[in-house]
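Chain A is the first sequence line, chain B the second, and so forth, proteins listed ahead of strands; every chain is numbered from 1. Small disclaimer: the values here were computed from a predicted structure and weren't measured.
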6 protein chains.
Amino acid sequence: MKIVLVNPNTSTDMTQRMVETASTMLPPGVELLALTADRGMPYIASRTEALIAGQLTLELLAEHAAEADAMVIAAFGDPGLVAARELFEVPVTGMAEAAMLTACMLGQTFSIITFSRTLVPWYEDAVALAGLQARCCSIRVPDCTFASVATVQNELEDELVALAERAVLEDAADVVILAGAPLTGLAERIADRVSVPLVDPLLAALGQAHLLARLRVRAPSRGRFARPDAKPAVGVAPALRAWIERSA
Amino acid sequence: MKIVLVNPNTSTDMTQRMVETASTMLPPGVELLALTADRGMPYIASRTEALIAGQLTLELLAEHAAEADAMVIAAFGDPGLVAARELFEVPVTGMAEAAMLTACMLGQTFSIITFSRTLVPWYEDAVALAGLQARCCSIRVPDCTFASVATVQNELEDELVALAERAVLEDAADVVILAGAPLTGLAERIADRVSVPLVDPLLAALGQAHLLARLRVRAPSRGRFARPDAKPAVGVAPALRAWIERSA
Amino acid sequence: MKIVLVNPNTSTDMTQRMVETASTMLPPGVELLALTADRGMPYIASRTEALIAGQLTLELLAEHAAEADAMVIAAFGDPGLVAARELFEVPVTGMAEAAMLTACMLGQTFSIITFSRTLVPWYEDAVALAGLQARCCSIRVPDCTFASVATVQNELEDELVALAERAVLEDAADVVILAGAPLTGLAERIADRVSVPLVDPLLAALGQAHLLARLRVRAPSRGRFARPDAKPAVGVAPALRAWIERSA
Amino acid sequence: MKIVLVNPNTSTDMTQRMVETASTMLPPGVELLALTADRGMPYIASRTEALIAGQLTLELLAEHAAEADAMVIAAFGDPGLVAARELFEVPVTGMAEAAMLTACMLGQTFSIITFSRTLVPWYEDAVALAGLQARCCSIRVPDCTFASVATVQNELEDELVALAERAVLEDAADVVILAGAPLTGLAERIADRVSVPLVDPLLAALGQAHLLARLRVRAPSRGRFARPDAKPAVGVAPALRAWIERSA
Amino acid sequence: MKIVLVNPNTSTDMTQRMVETASTMLPPGVELLALTADRGMPYIASRTEALIAGQLTLELLAEHAAEADAMVIAAFGDPGLVAARELFEVPVTGMAEAAMLTACMLGQTFSIITFSRTLVPWYEDAVALAGLQARCCSIRVPDCTFASVATVQNELEDELVALAERAVLEDAADVVILAGAPLTGLAERIADRVSVPLVDPLLAALGQAHLLARLRVRAPSRGRFARPDAKPAVGVAPALRAWIERSA
Amino acid sequence: MKIVLVNPNTSTDMTQRMVETASTMLPPGVELLALTADRGMPYIASRTEALIAGQLTLELLAEHAAEADAMVIAAFGDPGLVAARELFEVPVTGMAEAAMLTACMLGQTFSIITFSRTLVPWYEDAVALAGLQARCCSIRVPDCTFASVATVQNELEDELVALAERAVLEDAADVVILAGAPLTGLAERIADRVSVPLVDPLLAALGQAHLLARLRVRAPSRGRFARPDAKPAVGVAPALRAWIERSA
């Protein structure tokens with residue numbers, strides 16, 4: 001089985017950390033192909049950036065969809081997720097959606113903890129897209145700043161632990177999601193310091209992708225996610241264009 | 001890894017079929033312990049029966065919770081699911097919840113197809129419990145009758161296929177869930193005759209239980225699902241009583 | 001007219017207090033038969049306990065349904081309410097539902113005040129079951145502890161008054177419900193110290209049961225609450241079994 | 001105990017029928033004072049008329065609020081209900097709200113059956129005001145016409161029975177509310193021909209008013225329904241003006 | 001083009017200020033006819049007063065509907081708006097609705113800032129009527145008092161600015177609506193002191209009325225807002241009666 | 001005043017028709033600059049295409065934002081609307097949002113009528129984004145096919161009229177929105193054949209853009225729509241890149 005993972009940020013360090021974390025989760029026999037955007041932003045934060053990242057994600061997925069058993073969009077916020085499900089025939093998961101749905105089996109309410117206020121509107125969109133507003137009791141951000149997304153999970157570790165506990169006590173969160181690719185791997189490290197289950201979105205997205213691949217459901221030929229008919233797509237990157245034009 | 005599966009109906013034939021279907025899904029190294037209720041109803045249909053089945057489920061789970069890595073409540077409607085999550089420290093999944101959350105990654109809307117009208121109010125409860133009313137576009141039942149729950153999936157196969165297609169065309173379903181333990185295994189057989197992905201709730205519940213076990217999240221010590229303090233429980237079955245009284 | 005009241009807790013003292021409070025409310029000519037669970041928990045607090053109490057409630061109701069004009073489930077949280085309405089043909093009310101619906105005629109929003117944090121998830125379930133989340137502006141609990149459920153309404157009287165006022169000022173509650181059977185009778189005592197109407201759930205449940213009995217509506221033969229067909233129910237308590245099997 | 005009932009239509013025949021129906025419900029010792037609007041419309045149907053009727057209702061209530069233990073607004077649609085609760089210190093019920101809340105104890109969903117399409121938007125408002133959209137599965141009207149509101153319940157009896165059954169079968173209604181003052185008394189006559197419980201809104205409103213009066217809750221001094229401070233009200237009918245100006 | 005504006009309060013000073021503010025907004029060629037209620041309350045605050053004001057509004061509108069291209073109800077809370085749309089064939093806007101819908105194009109969430117706590121329940125009604133509860137993140141009121149509605153916008157200017165900023169920081173408001181006719185004109189004056197866009201409801205209502213008039217949509221002959229059939233309306237003010245009776 | 005309109009489809013004929021329709025609406029002194037995408041799809045239909053169109057829209061808007069008083073995204077579905085509001089400081093409207101909000105002032109419910117089934121999921125997204133699901137009573141599409149988007153409004157005129165009337169009668173629509181840029185101008189032609197008001201989304205979007213420009217609200221410096229800090233944006237089209245990098 002082959003899972004394709006797309007990091008829509010241009011940071012290869014982040015992709016590398018994801019690969020390392022994934023290796024603790026994926027069973028033997030599952031090959032992981034991890035791709036990094038070669039254009040765009042080092043770290044997506046606004047909804048403008050998420051829109052641009054959505055197209056970059058589609059371009060990368062289009063290059064490898066034919067060989068994949070499942071695909072993962074490795075940014076909390078899931079840029080391009082709906083379009084990817086429409087366009088490609090293998091299962092696609094996103095970190096935000098997978099984390100939230102997984103959290104729904106561990107408690108009634110979840111809180112999303114992240115590290116930068118600029119991310120919040122985008123994450124709100126992800127909650128709304130999943131229709132899980134009633135189960136998301138808060139999106140919380142520490143008040144302090146940090147030097148780099150590469151080290152933010154270490155810099156803010158104590159603040160994030162404290163924030164998680166506040167989400168439990170003040171927002172009645174049953175589960176805490178540590179959101180944003182830069183926090184990948186943190187959940188395992190701080191699990192003993194937080195009084196409710198923590199969800200690591202990358203592990204959730206990989207686990208759900210793996211599960212969907214094993215279920216071997218057929219791709220839809222009707223409904224919102226049936227692959228669209230061929231359409232000219234001038235000026236679109238080659239692999240994506242070929243996929244949209246069904247010329248590949 | 002050991003997964004405990006409880007069939008809260010008294011039908012051992014149904015448990016046997018579940019074990020066979022599960023064997024196609026579970027990876028090597030996962031042991032499945034499948035239990036069947038020895039009291040109660042041959043097949044739960046009403047909400048009264050679901051309430052009684054909830055307690056029977058807790059009793060069976062209590063006998064084996066200490067040895068399990070994850071547990072599955074193998075009746076669509078998930079009798080006892082909330083209580084089980086509160087009481088036990090290992091992950092617990094239910095067929096209805098797992099099927100619906102899995103469907104949410106395959107489309108925006110799902111329809112639940114089942115075989116008997118008496119089941120509908122109970123299934124409505126499961127949709128409401130998950131807060132997924134906005135994504136469940138219909139619960140549909142064939143108009144015809146059947147001879148036995150043991151053979152209903154064969155007796156009504158054509159009707160269920162037709163009903164699934166109507167859910168797609170008339171209700172705009174992106175995914176169809178074949179609900180009710182007696183339909184276990186049907187999804188694979190009819191997948192090619194339905195134009196959208198089908199979800200088999202048993203496979204979803206087992207897959208999600210397996211995933212949750214692999215995530216190794218810690219049990220909560222706070223929140224709605226922290227294990228309650230010890231409490232006297234007179235007249236309750238021994239293993240469940242011991243679990244509630246924390247005397248085991 | 002005969003109203004059957006079931007206290008699903010094993011505390012007979014609590015039943016006694018309920019009978020005394022009821023006597024101030026029920027008009028002449030209404031007979032009240034008050035029953036106490038002889039198994040289970042002295043005071044239901046968790047959702048596991050509520051599930052078990054639901055079955056005990058059905059067992060007690062089944063013993064007396066034939067002679068009742070209306071029945072009351074006398075625990076806030078209403079264990080077994082939906083099943084009881086499905087199974088029995090006389091009207092059944094529950095303290096939580098009756099209190100909330102009564103509150104809806106006294107204001108737009110209500111706050112639920114109770115005495116122990118462990119009760120909150122169960123009460124949340126009751127609000128959700130009634131679909132009244134938008135009208136329930138808070139569920140509040142004092143921060144202090146108490147010695148006994150038998151005396152909690154006296155021990156915490158000042159704290160509960162203060163909490164009710166905070167619900168009015170901070171949560172914009174128009175009505176306050178004093179929830180939990182141990183608070184029965186408190187509303188009348190503190191009414192002059194709280195600036196909005198107080199609802200005593202036992203009086204609401206008895207009053208609504210009495211009203212429903214006087215309306216003499218017919219039992220449904222269709223819909224979610226039509227009595228289910230006979231069904232074998234092995235291992236279930238005799239009166240309940242007879243009711244389910246329609247063999248009484 | 002004295003209950004004041006206001007018919008905001010100018011039809012005294014309708015008031016007379018209400019009094020007769022009420023006499024079957026109210027216990028001995030309850031005095032009913034029934035008032036009829038002396039201006040306005042013979043039968044309120046549009047939302048413009050409902051707005052005008054709201055003020056007429058307040059005027060009539062203001063004349064008798066001081067002597068009442070509870071008051072009933074006897075038009076389905078409840079003109080002036082919110083204002084009356086704000087202004088007066090005794091409990092006030094309305095036919096629509098009381099019928100819907102009563103129906104909520106008899107089933108999960110209710111359908112509202114009435115006799116004229118022009119009433120539907122106003123009744124939709126009543127459902128929305130109560131926040132019960134999720135429990136109201138339909139508002140249905142027969143396709144045929146009728147000669148007079150005085151006789152409409154006889155003219156359309158068969159059509160209304162058929163419509164109620166369709167609401168049960170097609171809309172999954174657990175309860176049917178026969179809405180509109182001209183249908184007062186019909187529920188009892190056709191109860192045996194409909195397969196679910198029927199609610200007569202007048203009986204519900206009277207019963208709930210009686211119940212609220214017996215609960216003797218105190219009037220709020222804070223919150224949305226605290227009586228407003230005195231205010232000049234030039235050109236308003238004398239009793240209402242005196243009430244608003246607190247000059248009575 | 002002629003726009004009729006009704007101030008349902010009896011304060012002509014307020015009408016005068018509205019006319020001045022309007023003059024900054026309306027393009028040349030638009031005539032504004034501004035009317036003031038000659039009965040009722042100097043300043044509507046409660047829902048009782050809003051009900052009475054609704055009828056007064058209809059009376060004034062009825063006197064001028066035949067000559068208007070669009071009409072504006074110039075009180076936040078929009079007394080009589082639904083009825084006016086039903087009754088009259090030209091477009092009608094209200095300050096609350098127009099302000100909220102305009103705010104929806106400037107951000108995702110809005111906060112309503114006003115000057116008196118007694119207004120809040122009425123404004124809540126306006127939010128609910130528009131179905132915009134999910135976008136209204138707060139309704140806020142300063143804690144301090146003021147001497148006169150005529151000068152309140154100057155008296156409380158600093159407090160209102162501070163409150164707007166709190167709505168941005170604490171409630172995540174993207175837009176702030178300065179609600180209540182006495183705040184007309186304030187938005188322009190304090191715009192530079194608030195960090196998000198401010199909406200002046202009078203300008204929004206006039207602007208939307210102007211826009212609707214220019215769209216020249218036809219009046220409905222079906223649906224909720226088709227003009228009702230003629231109906232006797234005894235005791236109603238002449239112009240309104242003539243409109244309802246279609247005798248004008 | 002200058003309004004920039006972006007047609008994110010590559011069809012210049014469609015842009016031309018929009019300009020002609022706009023000329024009937026915009027007052028003298030308003031300059032309209034209409035742009036057409038030079039890459040992408042001739043007519044956006046799927047959500048993949050909408051994602052790509054979103055970025056193209058941002059690119060075109062970025063080229064002209066500095067000179068605009070307001071900007072219009074001229075495709076029903078509003079590709080890039082949220083990002084554009086975040087990125088640019090002048091008001092931006094979209095055809096779907098503006099049409100729906102305008103419809104909300106003409107009735108309680110609206111139906112969206114369009115010409116191709118493939119558009120429906122995208123339009124559903126627009127309804128959800130505006131949070132207006134409760135007011136959108138249907139999205140309807142004729143069952144027949146058409147030869148060209150350039151002539152579809154003529155080819156299907158009778159079918160669209162009939163569909164609008166069905167939306168009124170069967171879905172209780174108070175207003176009908178004729179959705180999709182190819183239907184621009186149709187509303188005026190068929191207004192007399194439909195019994196409720198019709199909204200032309202282009203006129204609504206232009207009218208609302210004009211109104212917002214005249215309100216001269218300040219751009220937010222806080223909240224979800226404050227312009228993001230400068231950010232490197234490698235590989236993004238020059239004008240958009242300069243805007244994101246704040247280097248222009």
Interface moiety of C/Leu58 toward chain B, non-hydrogen atoms closer than 4.5 Å: side chain
Which heavy atom in B/Ala83 sits nearest to a heavy atom in C/Leu51, and how many Å separate them? CB-CD2, 4.0 Å
Among C/Arg117, C/Glu124, C/Arg241, the residue with the most heavy-atom pairs under 4.5 Å to chain B is C/Glu124
Side chain, backbone, both or neither: which part of C/Pro228 has an atom under 4.5 Å from a heavy atom of chain B? side chain
pair C/Val234-B/Thr10: side-chain heavy atoms closer than 4.5 Å: no
A quick test of your reading: do over 12 heavy atoms of other residues, nucleotides or ligands sit less than 6.0 Å from CZ of B/Arg222? no
Pick one of side chain, backbone, both or neither for B/Leu56, based on which atoms fall under 4.5 Å of a heavy atom in chain C. neither
Interface check, chain B: of C/Glu86, C/Glu49, C/Arg39, most non-hydrogen pairs under 4.5 Å belong to C/Glu86
So what's closer than 4.5 Å to chain C heavy atoms on B/Leu129: side chain, backbone, both or neither? neither
Need one label for C/Phe225: side chain, backbone, both or neither, based on atoms under 4.5 Å from any heavy atom in chain B. side chain
Could you tell me whether the side chain of B/Lys231 and the main chain of C/Pro42 form a donor-acceptor pair under 3.5 Å? no
Which region of B/Ile44, side chain (C-beta onward) or backbone (N, CA, C, O), has a non-hydrogen atom less than 4.5 Å from a non-hydrogen atom of chain C, or is it both or neither? backbone
May I ask you to test the B/Ile52-C/Ile244 pair for a side-chain heavy-atom distance under 4.5 Å? yes
Among C/Pro79, C/Gly223, C/Pro121, single out the residue with the greatest number of heavy-atom pairs under 4.5 Å to chain B. C/Pro121
Is it the case that over 12 heavy atoms from other parts of the model lie below 6.0 angstrom from the CZ atom of B/Arg246? yes
Under a 4.5 Å heavy-atom cut-off, does chain C meet the side chain of B/Ala45, its backbone, both or neither? both
Any side-chain heavy atom of B/Asp229 within less than 4.5 Å of one from C/Thr118? no
If one checks every heavy atom of C/Ser46 against chain B at 4.5 Å, the contacting part turns out to be both
Residue pair B/Arg47 / C/Arg85, side-chain heavy-atom distance below 4.5 Å: no
